[in-house]
Amino acid sequence: MKRTQSRMATVALTALAPISWGSTYVVTTEFLPADRPLFTGMMRALPAGLALLLVTRRLPRGEWWWKAVVLGALNIGAFFPLLFLAAYRLPGGMAAVIGSLGPLWVAGLAALFLGERPSLRTLLTGIAAALGVSLVVLRATGALDTVGVIAGVASSASMAAGTVFTKRWGRPEGVGPLVLTGWQLTAGGLLIAPVAFLIEGAPPALDGRNLAGYLYLALVNTAVAYWLWFRGIGRLTATSVTFLGPLSPLTAAVLGWAALGQALTPLQLAGMAIAFGATLAGQYTPRVAKAAKPELAAELKPELKAELAVDLPVGPFTSTEQIGQKDSMDVMVPAVRR
């Protein structure tokens with residue numbers, strides 16, 4: 001019972017990350033300068049990462065220098081620019097639909113690198129999540145741009161790979177998720193910075209409203225949200241975490257309706273119900289896992305342990321740790337198309 005309650009609490013806290021990312025659209029359109037998506041990505045990641053480094057006062061050591069760079073690139077540095085490129089070149093909410101395929105990417109990568117064999121239920125749930133998101137955000141029609149499609153697929157795969165490898169590598173001994181978050185945000189922000197200056201030029205002049213928006217994005221939407229996300233990856237299965245991703249476009253749709261007066265059609269409401277149901281289904285674990293004893297669970301094959309989501313008292317960097325646990329669609333398409 002306590003294990004179930006602890007897992008539900010972890011899921012709830014982790015879900016706050018994509019819910020927070022869903023507010024990016026409203027903040028971007030109402031508070032930030034227009035047409036500066038890469039600068040915005042840098043301002044979200046780099047100040048937050050540097051602030052966390054200042055608070056935690058812990059730098060990577062040894063192999064964790066290159067691991068932090070790889071994770072920062074996958075989760076932040078490559079993900080943001082690819083996402084923006086896809087959003088600019090694809091019609092309507094197509095980039096969001098491609099991003100909603102993240103659970104399927106994670107299921108495949110988790111099978112390769114974590115030993116988590118995807119079940120038929122997982123695959124069907126992933127398809128349902130993508131369908132629900134498409135009903136919510138996909139409106140415009142038109143010819144698909146090849147570069148945009150490739151960028152959209154690459155952005156989704158990048159975040160999925162970041163989720164899986166964050167789980168696979170774990171954390172160095174004595175390092176908490178807050179420290180790991182600081183490393184990744186700093187690395188990702190430093191990777192975005194030269195791209196932003198090269199493509200968008202010098203930073204724009206900022207007023208008080210802009211600064212307030214960037215402050216919210218850096219602290220709440222990025223530092224706190226990514227800390228919760230990486231914390232969840234460390235405690236849940238990778239597949240379970242990524243099924244929380246659809247909460248981001250759903251939150252954006254609700255905030256657009258509540259704060260900006262955007263209408264929601266019956267088809268969109270149906271899509272929200274489907275996507276939310278898929279999110280809940282993605283957190284389901286068989287009842288046998290709740291009753292399984294640790295000594296019995298230790299005899300299960302790794303892929304079966306992952307399927308049952310049994311939490312085992314194992315040490316860091318062992319193959320059994322990898323059986324536990326990317327998509328985050330943290331920028332809604334209208335925000336980056338503006």
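What you see is a predicted model; the values in this text were computed from it and never measured.
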With rounding to the nearest 0.5 Å, note down the distance linking CG in Leu255 to CD1 in Ile19. 10.0 Å

Would you check, one step at a time, whether the test side-chain contact (heavy atoms from CB on, under 4.5 Å) holds for Gln184 with Thr166? CA-CA 10 Å; Gln184 295 192 49; Thr166 299; 4.0 Å; yes

Show the nearest heavy-atom pair for residues Thr222 and Leu217, with the distance to one decimal. OG1-O, 2.7 Å

Indicate, with yes or no, if Met43 and Trp227 share a hydrophobic cluster defined by side-chain heavy-atom contacts under 4.5 Å among Ile, Leu, Val, Met, Phe, Trp and Tyr. yes

Which atoms form the tightest heavy-atom contact between Gly232 and Thr10, and what is the distance? CA-CG2, 4.5 Å

Thr125 and Ala281 have their tightest heavy-atom pair at CG2-CB, 3.9 Å

Answer whether the closest heavy-atom distance between the side chains of Pro249 and Val136 falls below 4.5 Å. no

State whether the number of non-hydrogen atoms from other residues, nucleotides or ligands found under 6.0 Å of Trp66 atom CH2 is greater than 12. yes

Would you say Ile150 ends up clustered with Trp105 if hydrophobic residues are merged whenever their side chains have heavy atoms under 4.5 Å apart, either directly or through other cluster members? no

Calculate, to the nearest 0.5 Å, the distance between atoms CZ and CG belonging to Arg36 and Leu206 respectively. 9.0 Å

Sidechain-backbone polar pair: Ser155 side chain, Gly152 backbone, donor-acceptor under 3.5 Å: yes

Please report the closest heavy-atom contact between Arg58 and Leu53, naming both atoms and the distance. O-CD2, 3.8 Å

Heavy-atom pair with the smallest gap, counting every atom of Ser158 and Ala73: OG-O, 4.1 Å

Is there a side-chain contact (heavy atoms from CB on, under 4.5 Å) between Leu16 and Leu13? Walk through the geometry before answering. CA-CA 5 Å; Leu16 293 178; Leu13 285 174; 4.1 Å; yes

Can you find a heavy atom in the side chain of Pro177 that is under 4.5 Å from one in the side chain of Trp229? no

Between Ser23 and Asn221, is there a side-chain heavy-atom distance shorter than 4.5 Å? yes

For this output row, return yes or no: ring centroids of Trp169 and Phe113 closer than 6.0 angstrom. no

Are Leu135 and Met272 linked, directly or through intermediate hydrophobic residues, by side-chain heavy-atom contacts shorter than 4.5 Å (ILVMFWY only)? no

Is any side-chain heavy atom of Leu71 closer than 4.5 Å to one of Phe230? no

Separation of Leu46 CG from Ile192 CD1 (nearest 0.5 Å): 9.0 Å

Taken to the nearest 0.5 Å, the spacing of Gln283 CD from Met8 CE works out to 10.5 Å

Determine the interplanar angle of the Trp64 and Trp183 rings, folded into 0 to 90°, and report it as parallel if under 30°, tilted if 30 to 60°, perpendicular if over 60°. tilted

So do the side chains of Arg44 and Leu185 get within less than 4.5 Å of each other, counting heavy atoms only? no

Please check: side-chain N/O of Glu200 versus main-chain N/O of Phe39, any donor-acceptor pairing under 3.5 Å? yes

Reported CH2-to-CD distance for the pair Trp257 and Gln268, which is rounded to 0.5 angstrom: 12.5 Å

What heavy-atom pair brings Gly126 and Pro103 nearest, and what distance separates the two atoms? CA-CB, 4.4 Å

According to a 4.5 Å side-chain heavy-atom criterion applied to Ile, Leu, Val, Met, Phe, Trp and Tyr, with indirect links allowed, do Tyr216 and Ile76 form part of one hydrophobic cluster? yes

Going through the checks in order, is the side chain to side chain donor-acceptor pair (under 3.5 Å) test met by Ser119 and Thr122? CA-CA 5 Å; Ser119 64; Thr122 297; 3.1 Å; yes

Report yes if some heavy atom in the side chain of Tyr226 is under 4.5 Å from a heavy atom in the side chain of Ser20; otherwise report no. no

May I ask you to test the Val164-Leu112 pair for a side-chain heavy-atom distance under 4.5 Å? no

Can Val224 be reached from Val55 by stepping across I, L, V, M, F, W or Y side chains whose heavy atoms are under 4.5 Å apart? no

I'd like to check Phe276 versus Leu247 (side-chain heavy atoms, cut-off strictly below 4.5 Å). Are they in contact? yes

Atom pair CH2/CG of Trp21 and Leu244 - distance to nearest 0.5 Å: 9.5 Å

